[in-house]
Amino acid sequence: MISAFGLTPPAPSTGAVVQFAAPDQPAAKLPEPCSVLVRGTFVSLGNCAKLRADGSFSISRAAIVRLRFGRDGLASIAIRGRGYAYVRRDGRALLVPTFDNGPDEFADGLVRVRIGERFGYANTRLLLVIPAEYDGALPFANGRALACIDCTLASDGEHTWYKGGQNLCLDVRGLRRPTEECDQTDHLR
């Protein structure tokens, strides 16, 4: 069992940047409502997010000009009914899990991303560097991350975790390592 840290996750990777797998759902025809968190209050950006066939989102130019981008060139938004996403200045966005009521943070240069119902990892350019082929995934710590195949999300109402399935230990290149190299306590915050 591995702790999931947040809401809504394999085969070995070569570590090369890969193209997105098609999600389980078709591209949206109409933009979806978005908002941005400003001083603790969600402010509407209107219908600004459109699901693309590759599982990423396109964010409208009108919304992009209202965002505050960090030094890494990314901003975060909330897409209603889907969760948080990181957005590049060109409008490309990827969904990330929620952690402590905000978007998952980058660790070891990577962040967990959700494409359809699967998880992978993207870099700060929002390029998928570890394919979205896991049913559960934890953030990286000390160059390693736990992921799982055929696991399910469980909750006690306040905390969530993954149970069942096969646990895997990944390095930042997406290569599988012996599971003992992933110390689960590295992922506790």
Side-chain angles (χ1 to χ4, degrees), residues 1-13 20-21 23-25 28 32-37 40-42 49 51 55-57 74-87 93-124 126 128-172 174 176-189:
M1 174 188 337
I2 58 178
S3 179
F5 300 120
L7 306 176
T8 22
S13 166
F20 289 96
D24 297 335
Q25 49 198 353
E32 299 179 42
C34 306
S35 57
V36 63
L37 193 59
T41 303
F42 282 101
L51 180 62
S56 68
F57 284 82
L74 299 176
S76 65
I77 65 169
I79 301 173
R80 185 180 301 155
R82 295 187 183 268
Y84 284 101
Y86 281 114
V87 181
L94 290 176
L95 289 175
V96 298
T98 300
F99 178 75
D100 278 350
N101 299 318
D104 204 24
E105 296 180 0
F106 284 84
D108 293 337
L110 300 175
V111 67
R112 296 178 292 171
V113 296
R114 196 171 70 227
I115 307 293
E117 296 300 317
R118 301 272 191 175
F119 288 92
Y121 296 86
N123 63 19
T124 56
L126 294 185
L128 193 65
V129 295
I130 298 176
E133 54 194 18
Y134 301 97
D135 297 307
L138 296 180
F140 270 87
N142 302 320
R144 303 283 189 265
L146 284 171
C148 55
I149 299 171
D150 295 329
C151 55
T152 58
L153 196 60
S155 175
D156 63 9
E158 181 178 354
H159 302 96
T160 58
W161 62 91
Y162 296 106
K163 66 178 185 175
Q166 176 189 4
N167 289 342
L168 305 167
C169 178
L170 303 174
D171 67 19
V172 295
R176 292 183 183 172
R177 313 295 297 181
T179 51
E180 57 272 6
E181 287 188 24
C182 277
D183 181 5
Q184 186 172 351
T185 60
D186 287 347
H187 301 282
L188 299 176
R189 298 185 191 188

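Nothing here was measured: the structure is a model prediction, and the numbers come from that model. Just so you know, residue 1 is the first one in the sequence shown, and it goes up from there.
Between Leu153 and Tyr162, the shortest heavy-atom distance links the atoms CD1-CE2, 3.6 Å. Scanning both residues, Ala93 and Leu126, for their nearest heavy atoms gives CA-CD1, 4.4 Å. Taking all atoms of both residues into account, the shortest heavy-atom contact from Phe106 to Ala122 is CE2-O, 3.8 Å. Contact record, Tyr121 with Leu138: OH-O, 2.6 Å, taken as the closest heavy-atom pair. Residues Cys169 and Pro178 share a closest heavy-atom pair of CB-O, 3.6 Å. Asp156 approaches Glu158 most closely through the heavy-atom pair OD1-N, 2.9 Å.
A 4.5 Å side-chain heavy-atom check between Val129 and Val172 finds every atom pair outside the cut-off.
Checked options Asn123, Thr124, Leu170; the residue passing with Leu110 is Asn123 (criterion: side chain to side chain contact (heavy atoms under 4.5 Å, CB included)).
Crowding of Arg177 atom CZ: a count of heavy atoms from other residues, nucleotides or ligands under 6.0 Å exceeding 12.
Scanning for ring pair (Phe, Tyr, Trp, His ring centres under 6.0 Å) contacts around Tyr84 gives an empty result, with sequence neighbours left out.
Atom CG of residue Asp135 and atom CD of residue Gln166 lie 11.0 Å apart, to the nearest 0.5 angstrom.
Judged by distance alone, with hydrogens and angles left aside, the side-chain atoms of Arg118 form no donor-acceptor pair with the main-chain N or O of Pro131 at under 3.5 Å. In this structure, Tyr86 contributes its side chain and Asp104 its backbone to a donor-acceptor pair below 3.5 Å. When atom types are taken as modelled, the side chain of Arg112 and the backbone of Ala137 share a donor-acceptor pair closer than 3.5 angstrom.
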Please determine whether side chain to side chain contact (heavy atoms under 4.5 Å, CB included) holds for the pair Ile77 and Phe57, giving the CA-CA distance in whole Å, both sets of side-chain angles, and the decisive distance to 0.1 Å.
CA-CA 11 Å; Ile77 65 169; Phe57 284 82; over 6 Å; no
Please report the C-alpha distance between Leu146 and Thr179 in whole Å, then the side-chain angles of each, then the deciding distance to 0.1 Å, and finally whether the side chain to side chain contact (heavy atoms under 4.5 Å, CB included) criterion is met.
CA-CA 8 Å; Leu146 284 171; Thr179 51; 5.6 Å; no
